[in-house]
Amino acid sequence: MGKISRQAAASLRAFSNLPFLRCSAPLRKCTRARLYFSIIARSSCLKSFCALSGRSSARSRARAQAPAGGLAILGLFIVPPRSPAGHRRGGAHSDAPAILWRGRPGKSRPPPPAPVCPGRAFALQSVFERGETMGWTTVKQLFADPQRLLGQELEVRGWIRTQRQSKNLAFIELNDGSCFRNLQVVYGDELANFAEATRYPLGSALRVRGRLVPSPAAGQPFELKAGTIEAVGLSALDYPLQKKRHSFEFMRTIPHLRARSNTFMAVFRVRSLAAFAIHKFFQERGFVHVHTPIITGSDCEGAGEMFRVTTLDAKQPPLDERGAVDFRQDFFGRETGLTVSGQLNVEGFCLAFNRVYTFGPTFRAENSNTQRHASEFWMIEPEIAFADLGDNMRLAEEMLKFVIGFILEEAPQEMEFFNRFIDPALLQRLRLVLDADFERLTYTRAVELLQKADAPFQFPPEWGRDLQTEHERYLCEKVFRKPLFVTDYPKEIKAFYMRLNDDGRTVAAMDLLVPDVGEIIGGSQREERHEVLQRRIAEMGLKPEDYQWYLDLRRFGGVPHAGFGLGFERAVMYLTGMENIRDVIPYPRTPKSAEF
RNA sequence: UCCUCAGUAGCUCAAUGGCAGAGCGGAUGGCUGUUAACCAUUAGGUUGGGGGUUCAAGUCCCUCCUGAGGAGCCA
């Protein structure tokens, strides 16, 4: 969903810019799903919004076989602009929508009426068919099938990564964002604007028409011999990215531009693919995605400091009888903040859908200044019913392996790049993880191992104290050298909702540690016994009235259930070898830093 | 929040308390196949802010700001 610009809608090519283009890959793969697609236009330029929804049922799956081209759109509705008076008048509107039907083999349908705008409709279908642009060729397409395109006249659009020139010959490395690789554009002084073009600064946006030819020099298999080069948007001379390696620290000062560099283009494409892989993993296994609230009154047992959400006047807040800030007068009538976890909320849905997960932003107002902490990050929290800690760990392991496998498959160039320039052991390590079983170790055993270890720890390991980072690193990086689950921690150092083990002094918790990144997952089996949970709430000094609804879940058909939280950015760090969380978040928010 | 280190040209970094420099980038010119092209010329500075010591401070001291690394908290 998203807005369509006036300019974009004005041409057929507009549709290549639509956000739902992102859906093209999954659409192609779910060729048997029945999809319903609609565009609602409020004005003549399709400015308002569009919506995409997918539906499937056993019956429709049985009969809706998409054509070979991979087209998954079965019905396309284009609704003409409504009169201003027609707005917000619920139900069916008087303008009958024009309906185009296409690609429904073996099923008789009413003959299609004349389309409102045949050009638009056609463009839409084509976009979905090819998942690509209209009117020009992407660099991705060139590398996918150079043999077919060699010798052809074509057009590319992108930005200058670097440019080199001699007296009457020049080269441009053009990147159009469609893939990691650049296209080399070569042009000579027969070009009308040769001299001018050689002075286009780095970062300029170009439209280049020319012929795709084999490259006579090493370094690239083919290149575009330009016939015309048109500057769509010239870059100013103070474009900060140069033809050299920049420090990550400097790149953090220009987050709006850094995606135009190799490293960050690779990072953020992998981030996108990893997010998709996680949804794919869960959706294919029958998990229901739950959008837990972002504004909440619950602090989830103190998982972290909350950012306050308020409309009260910060300078002169209303006070209650005791002189404290009177949140009864605040917007929600109580003290609220940004979520630190959706776990408690999603547990309710778990006891309805059985398998659920959240995937959304999380906010922690901790003053944490490390490579692995951000104030705003994304978290995945699956929750499974009729399940114990062992099921939970199997799920975590399977999920992580799935995501690794998916990324290795879908982003080979990016991964090759990381392996070469960021972390030379990356690919080997990830491939090893795919084949290896994750290690499992109880906290008690971990402490024993650490106490016997021949390593100079600053903090001597002791049962009952939480493991220090140095302990975790030692176990994960020195002893096992692969992902490691540490389970069954002392109840005193873990949250109230974790299930009390039979020994009465540990809880069914698990942390997954991975080399170099540290804790990437924290989870547990939840306490499903009402009395035990009540007792734990009291023991931890929490207010029972705050957790009434949560206790309810144990009264109304409660079952053993378990879940975990995966820090999405930490997973991306692990996948890419990037060492700082600020470099895997598009616009990172950390203490004292929320610019852009 | 605590500990450590750093802040000098657009970027990366030099400069024993004694004339503020280099490479890259920019501009200009040269070069017919470049790959972070190459060659020449050239412009570019309130040394993070404030205060102090000194004949003299980029350098020493105090303080604040910002960044990085580590710790804690966690994902």
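Any value given below was found using the heavy atoms of this structure, including those in side chains, with hydrogens, waters and symmetry copies removed. All chains are named by letter (A, B, ...) in the order of the sequence lines, taking the proteins before the strands, and each is independently numbered beginning at 1.
Remark: P of B:rG48 and CD of A:E249 are 17 Å apart, rounded to the nearest angstrom. Rounded to an integer number of Å, the gap from CG of A:N369 to P of B:rG69 is 10 Å. Regarding A:L257, its CG atom lies at a distance of 19 Å from the P atom of B:rG25, rounded to whole Å. One can place CZ of A:R364 at 17 Å from P of B:rG72, the figure rounded to the nearest angstrom. Protein atom CZ of A:R372 is 10 Å distant from nucleotide atom C1' of B:rA71, rounded to whole Å. For A:D583 and B:rG67, the CG to C1' distance is 13 Å, given to the nearest whole Å. Rounded to a whole Å, the CZ atom of A:F248 is 13 Å from the P atom of B:rU12. Rounded to an integer number of Å, the gap from CD of A:E519 to P of B:rG72 is 12 Å.
The nucleotide B:rG33 finds no pairing partner, because no Watson-Crick or G-U wobble arrangement with both distances shorter than 3.5 Å includes it. If you check B:rA6 for Watson-Crick or wobble pairing at under 3.5 angstrom, you find it paired to B:rU66. Of all nucleotides present, only B:rA71 satisfies the Watson-Crick or G-U wobble test against B:rU1, with each distance under 3.5 Å. In this structure, B:rG26 and B:rU42 make a Watson-Crick or G-U wobble pair, each of the two defining distances being under 3.5 angstrom. When both pairing distances are held under 3.5 Å, B:rA56 makes no Watson-Crick or G-U pair with any nucleotide shown. Using Watson-Crick or G-U wobble geometry with both donor-acceptor distances under 3.5 Å, B:rG17 finds no partner in any strand shown.
Of the N and O atoms on the side chains of A:S341 and A:E381, at least one donor lies less than 3.5 Å from an acceptor on the other residue. Side chains of A:Y497 and A:Q343: a donor on one and an acceptor on the other come within 3.5 Å. A:H256 and A:Y587 are not linked by any side-chain donor-acceptor pair at a separation below 3.5 angstrom, with hydrogens and angles left out of the test.
For A:N580, a side-chain nitrogen or oxygen approaches OP1 or OP2 of B:rG69 to under 4.0 Å. Remark: A:R252 is in phosphate contact with B:rA68, judged by side-chain N or O atoms under 4.0 Å from OP1 or OP2. A sub-4.0 Å separation between OP1 or OP2 of B:rG69 and a side-chain N or O of A:Q371 is present. OP1 or OP2 of B:rC73 has not a single side-chain nitrogen or oxygen of A:S368 nearer than 4.0 Å.
Spacing of P atoms, B:rU47 relative to B:rG26, comes out at 26 Å, to the nearest Å. A distance of about 8 Å separates the P atoms of B:rG45 and B:rG10, rounded to the whole Å. Comparing the C1' positions of B:rU1 and B:rC73 gives a spacing of 10 Å, expressed to the nearest Å. With both ends at atom C1', the span from B:rG69 to B:rG51 equals 29 Å, rounded to whole Å. Atom name P, nucleotides B:rC11 and B:rG70: the rounded distance is 24 Å, in whole Å. Remark: the separation of the P atoms in B:rA9 and B:rC64 is 24 Å, to the nearest Å. Nucleotides B:rG49 and B:rA36 place their P atoms 37 Å apart, quoted to the nearest Å.
When each of B:rA68, B:rA71, B:rU66 is scored by its nearest atom to the side-chain atoms of A:K592, the top-ranked nucleotide is B:rU66. You'll find that the side chain of A:F250 is closest to B:rC11, out of B:rA27, B:rC74, B:rC11. The side chain of A:S247 approaches B:rU12 more closely than any other nucleotide in the set B:rU12, B:rA71, B:rA75.
For B:rC11, the base has no donor-acceptor partner in the side chain of A:H246 [N/O atoms by modelled type, under 3.5 angstrom].
Judged by closest nucleotide on RNA chain B, A:F459 is the one of A:M379 and A:F459 placed further toward the 5' end. For the pair A:P201 and A:F377, both in contact range of RNA chain B, the more 5′-proximal nearest nucleotide belongs to A:P201.
Classified by interplanar angle (parallel below 30°, tilted 30° to 60°, perpendicular above 60°), the ring pair A:F406/A:F402 is parallel. Ring pair A:F143/A:F222 is tilted by interplanar angle, where 30° to 60° counts as tilted.
An aromatic stacking contact between A:F568 and the base of B:rA75 is absent, as defined here by ring centres under 5.5 Å apart and ring planes under 30° from parallel.
Heavy-atom minimum distance, A:R271 versus A:V584: NH1-O, 2.8 Å.
Two rings, from A:F480 and A:F438, have their centers 6.0 Å or more apart. Aromatic ring centroids of A:F568 and A:F377 lie 6.0 Å or more apart. The six-membered or imidazole ring of A:H289 lies away from that of A:F359, with a centre-to-centre distance of 6.0 Å or more.
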For every nucleotide of nucleotides 28-40 of chain B, 5' to 3': is a protein heavy atom under 4.0 Å from its base (B), only from its sugar-phosphate (S), or from neither (-)?
-> ---BBBBBBB---

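Counting any heavy atom pair closer than 4.0 Å across all strands shown, A:D189 reaches no nucleic acid atom. Residue A:D238 is classed as having no contact, given no heavy-atom separation below 4.0 Å to the nucleic acid. Within the 4.0 angstrom heavy-atom criterion, base atoms lie near A:A374. Here A:R161 lies out of heavy-atom contact (under 4.0 Å) with every strand. Base engagement by A:I581 is indicated by at least one non-hydrogen atom pair under 4.0 Å involving a base atom. When heavy atoms are screened at a 4.0 angstrom cut-off, A:Q242 is found touching base atoms of the nucleic acid.
The cationic atom of A:R260 (NZ for Lys, CZ for Arg) does not lie both less than 6.0 Å from the six-membered ring centre of A:Y239 and within 45° of the ring axis.
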